[in-house]
Student: 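The structure is given below, and queries will be raised subsequently.
So that the names make sense, note that chain A is the first sequence line, chain B the second, and so on, each numbered from 1.
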2 protein chains.
Amino acid sequence: MENNQPALDGVFHALADPTRRAVIEQLGRSPATVSELAVPFDMALPSFMKHIGVLEDSGLISSKKVGRVRTCQIKQKTLTEAETWLEEQRAVWEGRADRLAAYVENLSSDEELS
Amino acid sequence: MENNQPALDGVFHALADPTRRAVIEQLGRSPATVSELAVPFDMALPSFMKHIGVLEDSGLISSKKVGRVRTCQIKQKTLTEAETWLEEQRAVWEGRADRLAAYVENLSSDEELS
DNA sequence: TTGATTGTTTTCCATATGGCTAAGTATAGG
DNA sequence: CCTATACTTAGCCATATGGAAAACAATCAA
């Protein structure tokens, strides 16, 4: 199991903001232009563009400008990488029920972690 | 589909750091004390404690102090909430193959998003 | 060609983040 | 009681983040 996935830093950071998660939700339904995506948010365009930039840097979306219009789409693969990390963690703790039981045996019975 | 899950802000933010992800991986194997967890990291304890604090605030771990020793354990449920959000996103884009196809029809065939 | 649209660039700001050192507290052990 | 252990608290610092306003491009449409 490798320890360092620097790409995940950017992916999780990008997801740690409600505006950006909402953009991901929207792009999950279909590609869209920057101004279409910006409509629901009470935010100046340059501020919104920063979010788009964070999403694109993280690899969660890609975009291409045609004429004046920049169209964005989701990159499923990157979303899947985050999902995979979480699934790996689940695998870890699901696979250690035995060790946990052993650990609990060594605690006095009324000393529970809150 | 609800739009605002403020808890996810903290969860994804907590996961956006390699130190904290490594702590989660370790706690997936078994509960551990702060100093046990800190061993692999070349970092002053107060700095490390901040990471523990971020993890605990996010709900990804819980901890309890007994005597001088603070023992931490993972909170699977919170990890699962993040996983669930990602799975919901997958559901969205897996359920829209038809709409995507329709959208692509409207693009000139050589205008592909990079 | 003249506007209106659709971004983009620049500059600025307040706050958060991730690290440090130094000094403090509280218990377990001898 | 004294000391070592295991955190905690309190400051400090540099950089990143999320927001704003203002001014600049570039293109499409009449």
Side-chain angles (χ1 to χ4, degrees), chain A residues 4 6-24 26-27 31-58 60-73 106-108 111 113-114, chain B residues 4 6-24 26-27 31-58 60-73 106-108 111 113-114:
Chain A
N4 271 20
L8 286 179
D9 289 21
V11 173
F12 283 127
H13 170 247
L15 294 176
D17 179 283
T19 298
R20 293 192 293 256
R21 284 199 306 279
V23 168
I24 291 292
Q26 192 52 47
L27 288 179
T33 72
V34 168
S35 28
E36 285 167 357
L37 290 170
V39 169
F41 305 100
D42 183 18
M43 190 183 295
L45 234 217
S47 307
F48 184 75
M49 285 295 298
K50 279 196 195 176
H51 289 298
I52 298 294
V54 169
L55 285 168
E56 191 157 12
D57 289 348
S58 77
L60 282 167
I61 71 172
S62 64
S63 75
K64 186 175 187 188
K65 197 168 182 179
V66 174
R68 314 174 266 190
V69 176
R70 178 173 297 278
T71 302
C72 305
Q73 69 177 1
N106 291 353
L107 296 174
S108 48
E111 294 289 13
L113 298 177
S114 61
Chain B
N4 270 20
L8 286 179
D9 290 20
V11 173
F12 283 127
H13 169 247
L15 294 176
D17 178 284
T19 298
R20 292 191 294 256
R21 285 198 307 279
V23 168
I24 291 292
Q26 192 53 46
L27 288 179
T33 71
V34 168
S35 29
E36 284 166 356
L37 290 170
V39 169
F41 304 101
D42 184 18
M43 190 184 294
L45 234 217
S47 308
F48 184 75
M49 285 297 297
K50 278 196 196 176
H51 289 298
I52 297 294
V54 169
L55 285 168
E56 192 156 12
D57 289 348
S58 77
L60 282 167
I61 72 172
S62 64
S63 74
K64 186 175 187 187
K65 196 167 182 177
V66 173
R68 316 174 264 187
V69 177
R70 179 172 296 278
T71 302
C72 304
Q73 68 176 0
N106 290 354
L107 297 175
S108 47
E111 294 289 14
L113 297 178
S114 61

Student: Find the distance A:R20:CZ to D:dT17:P and express it as a whole number of Å.
Tutor: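 Taking CZ of A:R20 and P of D:dT17, I get 8 Å after rounding.
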Student: What is the distance, rounded to the nearest whole Å, between atom NZ of B:K65 and atom P of D:dA6?
Tutor: 12 Å
Student: List the atom of B:V11, the atom of B:S58, and the distance in Å for their closest heavy-atom pair.
Tutor: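 That would be CG2-O, 3.6 Å.
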Student: Can you list the steps and then say if A:I24 with A:L55 is a side chain to side chain contact (heavy atoms under 4.5 Å, CB included)?
Tutor: CA-CA 9 Å; A:I24 291 292; A:L55 285 168; 3.9 Å; yes
Student: Is the shortest side-chain heavy-atom distance between B:L15 and B:L60 below 4.5 Å?
Tutor: yes
Student: Using a strict heavy-atom distance below 4.0 Å, which residues from residues 38-47 of chain B are in contact with DNA chain D?
Tutor: B:L45, B:P46
Student: Nearest heavy-atom pair of A:T71 and A:P31: which atoms, and what distance?
Tutor: CG2-CB, 4.3 Å
Student: Here's a test of your reading of the structure: between A:D17 and A:G67, which maps to the more 5' nucleotide of DNA chain D?
Tutor: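 Result: A:D17.
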Student: At the 4.0 Å heavy-atom cut-off to chain A, mark where contacts on DNA chain C begin and end, going 5' to 3'.
Tutor: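 Range of nucleotides within reach of chain A: C:dA4 to C:dT9.
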Student: According to side-chain hydrogen bond (donor to acceptor under 3.5 Å, both in side chains), who are the partners of A:H13, at least two apart in sequence or on a separate chain?
Tutor: none
Student: Five pairs per end, C1' atoms only: what is the angle between the end axes of the helix from C:dT1-D:dA30 to C:dG30-D:dC1, to 10 degrees?
Tutor: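 The end axes of the helix from C:dT1-D:dA30 to C:dG30-D:dC1 are about 20° apart, to the nearest 10°.
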Student: What closest approach, in Å, do B:S63 and B:R70 show between heavy atoms, and which atom pair accounts for it?
Tutor: OG-NH1, 2.9 Å
Student: Does B:R70 make a side-chain N or O approach to OP1 or OP2 of D:dT8 shorter than 4.0 Å?
Tutor: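 Indeed, a polar side-chain atom of B:R70 lies that close.
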Student: If you define the side chain from C-beta out and look only at heavy atoms, does anything of A:R21 sit under 4.5 Å from B:D9?
Tutor: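 Yes; the side chains approach each other to less than 4.5 Å.
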Student: Expressed in angstrom and rounded to an integer, what is the separation of B:H13 atom NE2 from D:dT17 atom C1'?
Tutor: 10 Å
Student: Give, ordered by number, those residues of residues 48-55 of chain A having at least one heavy-atom distance below 4.0 Å to an atom of DNA chain D; if nothing qualifies, reply none.
Tutor: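 Contacting residues: A:K50, A:H51.
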Student: For residues 40-54 of chain B, which side-chain donor-acceptor pairs fall under 3.5 Å, sequence neighbours excluded?
Tutor:
| from | atom 1 | to | atom 2 | distance (Å) |
| --- | --- | --- | --- | --- |
| B:H51 | ND1 | B:R20 | NH1 | 3.2 |

Student: So how far is it from A:I61 CD1 to A:L37 CG, rounded to the nearest 0.5 Å?
Tutor: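 Taking CD1 in A:I61 and CG in A:L37, the distance rounds to 7.5 Å.
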